[in-house]
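One structure below.
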Protein chains: 2
Amino acid sequence: MDRKQLIMEKAIELFAARGFDATSVQQITDHCGISKGAFYLSFKSKDELINEIIDYFMKRFTTGVDRVVKESTEPERKLFNLYLYLFTEFQRHSDFANMFVKDRLHTLNEDLLIKIHRYDQLMNHSILHLLRECYGTKIEKTKYELLYNIKGLLDIYSHIIFTYHMPIDANHLADVLVERTHLLANYSQKVFINEVMFRNFNEKMNFEIKNVQQSIDSEIKYLLDILTNPLEVESVEILNKELQKSKPSHAIIKGMLENIKSNDQCHWLIYLVQSHLEM
Amino acid sequence: MDRKQLIMEKAIELFAARGFDATSVQQITDHCGISKGAFYLSFKSKDELINEIIDYFMKRFTTGVDRVVKESTEPERKLFNLYLYLFTEFQRHSDFANMFVKDRLHTLNEDLLIKIHRYDQLMNHSILHLLRECYGTKIEKTKYELLYNIKGLLDIYSHIIFTYHMPIDANHLADVLVERTHLLANYSQKVFINEVMFRNFNEKMNFEIKNVQQSIDSEIKYLLDILTNPLEVESVEILNKELQKSKPSHAIIKGMLENIKSNDQCHWLIYLVQSHLEM
DNA sequence: GTTGACACTGACCGATTAGTCATTTATTAT
DNA sequence: ATAATAAATGACTAATCGGTCAGTGTCAAC
């Protein structure tokens, strides 16, 4: 398990510098100080590696954004925190973010693109929720436009940061972006991206949306494999049993989720269960 | 010469769909219906192909933007025309734009990245000029920020158009973007990107800026090679002689530029000479 | 009909790739 | 100490890559 972590970290460094296609498995294993054979003990293929890397970080960012949006502070503060969180995370995991910004990864298989699109949709959902909290019905017509304007700003500043290797003051940048968001939200009148178009985006990627229950099952199975803390293992087991019931107790579920909250690896499961039960 | 055009067009189609690295020379030649050997009669290498493609389109876009900015209509109208021009061009050459948006091309040699960066700087210069015309001293502090905010918007809408293969109403989109630009220009107070940072961007790419005179010389040499219209050939020759003089006549230069204006292939030379003499 | 100039072909080359597997090394159990 | 098991190795394969070049086909000149 430790081995996988090592390979992923070292691989990201190389992917960030050279891109995915241009980095060979041999280069990765050299950089790790292991043999090529050892790589294939941890990963079935090079594709599986990039798959797991993207999964790991996208889960992390998605749950992180969701956590910020669900905070119990005033909405405007949350907007600031959202920007702050994203740029702080981008800096903390600059190699991954760099890889993601530079490589558009369109070389990869369709499945991976769809997966990325799904995470993107989850993040859209969270951001739209926050925007509704901040600006209410005022932005009813312009909310989708606003969403993409914000994403445009996020993209360009990320791009600047990574192409010029700039260390930045995330607080300062977040402050500026909140001002820009207020401007766009409060004064925009004209609309290009309407609801029909927004739905169209998501339908063009017409993959069968994976059953949430199924996602939860596989995530529980995965966690039971890797978790070591007995309390956490037991909590996940109880949670699993409870979810099988036709009328699961919200109290038990909430308690179990609380038990595993402190472990980062469990955040995706928490996010999935909460979404499933609309807690 | 026709052969080169064919290869470039077919190659762009494949690059747009699969990316540069993932497209082999064999695939390109198959798609053209020619042999692999014939490819190397037109291009020294695969790198030279991508180089010429990028050169061709970047010259085209850069001169196009410059032309819009130098129009003699009122500034606000020019801003609209700028957006309109860019999105119209992106649609007209959607394969190239798609390739450029998807592939970040960072796999390629450093020279090409620097070249792209130079074109980017030229476009920044034009846009900043226009913004100064539109908003005057009001945006003195925020102009660099405004420039990148605009670029963020351009990026995200381009991204949407290409990933979802949407046909768009460029007039409508340009109208919306003009409104957003006005908002950001008139009400933004806080600043993240200041002049120091902006200069930093360009210094980080610390290539020796190629002598403009040198660029003009090589462009003239190139045009004399490919031009067929006798009037144009003669005009370029006269222009060349005039530029060699210590005190070239602006009247003659202006006239010669006018003579070749109608040929698209000459626009880059016109742009270079005008920049050189600040006409 | 012969010649020379030219565009064009596709088999071929060396290099590099992802992935495999017989063999060796390390660890654990007895 | 020995046997049994697991972990790790790197030479190997088959495929693909960009790029080359001896040879083929075509056409105009004489």
Side-chain angles (χ1 to χ4, degrees), chain A residues 1-55 99 102-103 105-113 225-226 228, chain B residues 1-55 99 102-103 105-113 225-226 228:
Chain A
M1 217 48 64
D2 211 30
R3 197 28 82 79
K4 277 185 110 163
Q5 198 71 26
L6 171 75
I7 293 173
M8 284 169 71
E9 278 171 20
K10 295 292 184 183
I12 290 169
E13 289 175 21
L14 296 178
F15 290 160
R18 291 188 256 264
F20 177 72
D21 278 330
T23 305
S24 69
V25 174
Q26 188 69 61
Q27 285 173 321
I28 295 168
T29 54
D30 284 353
H31 198 227
C32 293
I34 61 172
S35 72
K36 205 170 166 186
F39 174 89
Y40 287 94
L41 293 176
S42 295
F43 297 95
K44 277 213 303 281
S45 67
K46 195 183 166 190
D47 267 0
E48 193 183 86
L49 169 65
I50 189 70
N51 236 290
E52 291 211 15
I53 288 174
I54 288 179
D55 239 36
M99 177 190 102
K102 279 186 179 172
D103 243 326
L105 300 167
H106 65 123
T107 312
L108 305 176
N109 52 55
E110 195 75 8
D111 288 349
L112 196 48
L113 288 182
D225 243 27
I226 62 158
T228 50
Chain B
M1 216 52 59
D2 211 29
R3 204 17 87 78
K4 276 186 108 164
Q5 199 70 26
L6 171 75
I7 294 173
M8 283 171 72
E9 277 171 23
K10 295 292 184 184
I12 289 170
E13 288 176 22
L14 296 178
F15 290 160
R18 292 188 253 264
F20 177 72
D21 278 332
T23 305
S24 69
V25 173
Q26 187 72 61
Q27 286 172 321
I28 295 169
T29 54
D30 285 353
H31 199 228
C32 294
I34 61 172
S35 71
K36 206 170 164 184
F39 174 90
Y40 286 95
L41 293 176
S42 296
F43 296 95
K44 278 213 303 278
S45 67
K46 195 183 168 192
D47 267 359
E48 192 183 85
L49 168 64
I50 189 71
N51 237 289
E52 291 210 15
I53 289 174
I54 287 178
D55 240 36
M99 177 191 101
K102 279 185 179 171
D103 242 327
L105 301 168
H106 64 121
T107 312
L108 306 177
N109 51 55
E110 194 74 9
D111 288 349
L112 196 48
L113 289 181
D225 243 28
I226 62 158
T228 52

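Below, each value reflects all heavy atoms present in this structure, side chains not excepted, and no hydrogens, waters or symmetry copies.
Annotation: cation-pi pair B:Lys46/B:Phe20 present, NZ/CZ under 6.0 Å from the ring centroid and within 45° of its normal.
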Nucleic acid footprint by protein, nucleotides 9-21 of chain C - heavy-atom cut-off 4.0 Å, B for base, S for sugar-phosphate alone: BB------SBBB-
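B:Asp30 places its CG atom 11 Å from the P atom of D:dC17, with the value rounded to the nearest Å. Atom-to-atom, CG of B:Leu49 to P of D:dG18 comes out at 11 Å; the value is rounded to the nearest Å. Taking atom CD1 of residue B:Ile7 and atom P of nucleotide D:dG19, one finds them 13 Å apart after rounding to whole Å.
With rounding to the nearest 0.5 angstrom, the CD atom of B:Gln5 is 10.5 Å from the CD atom of B:Glu52.
The two atoms that bring A:Ile53 and A:Met8 nearest to each other are CA-CE, 3.7 Å, heavy atoms only.
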Stepwise side chain to side chain contact (heavy atoms under 4.5 Å, CB included) test for A:Ile7 and A:Ile34: CA-CA 9 Å; A:Ile7 293 173; A:Ile34 61 172; 4.0 Å; yes
Taking distance alone, no hydrogens or angles, what donor-acceptor pairs closer than 3.5 Å link side-chain atoms of residues 36-45 of chain A to residues at least two apart or in another chain?
{"residue": "A:Lys44", "atom": "NZ", "partner": "A:Glu48", "partner atom": "OE2", "Å": "3.3"}
{"residue": "A:Ser45", "atom": "OG", "partner": "A:Asp47", "partner atom": "N", "Å": "3.4"}
{"residue": "A:Ser45", "atom": "OG", "partner": "A:Glu48", "partner atom": "N", "Å": "3.2"}

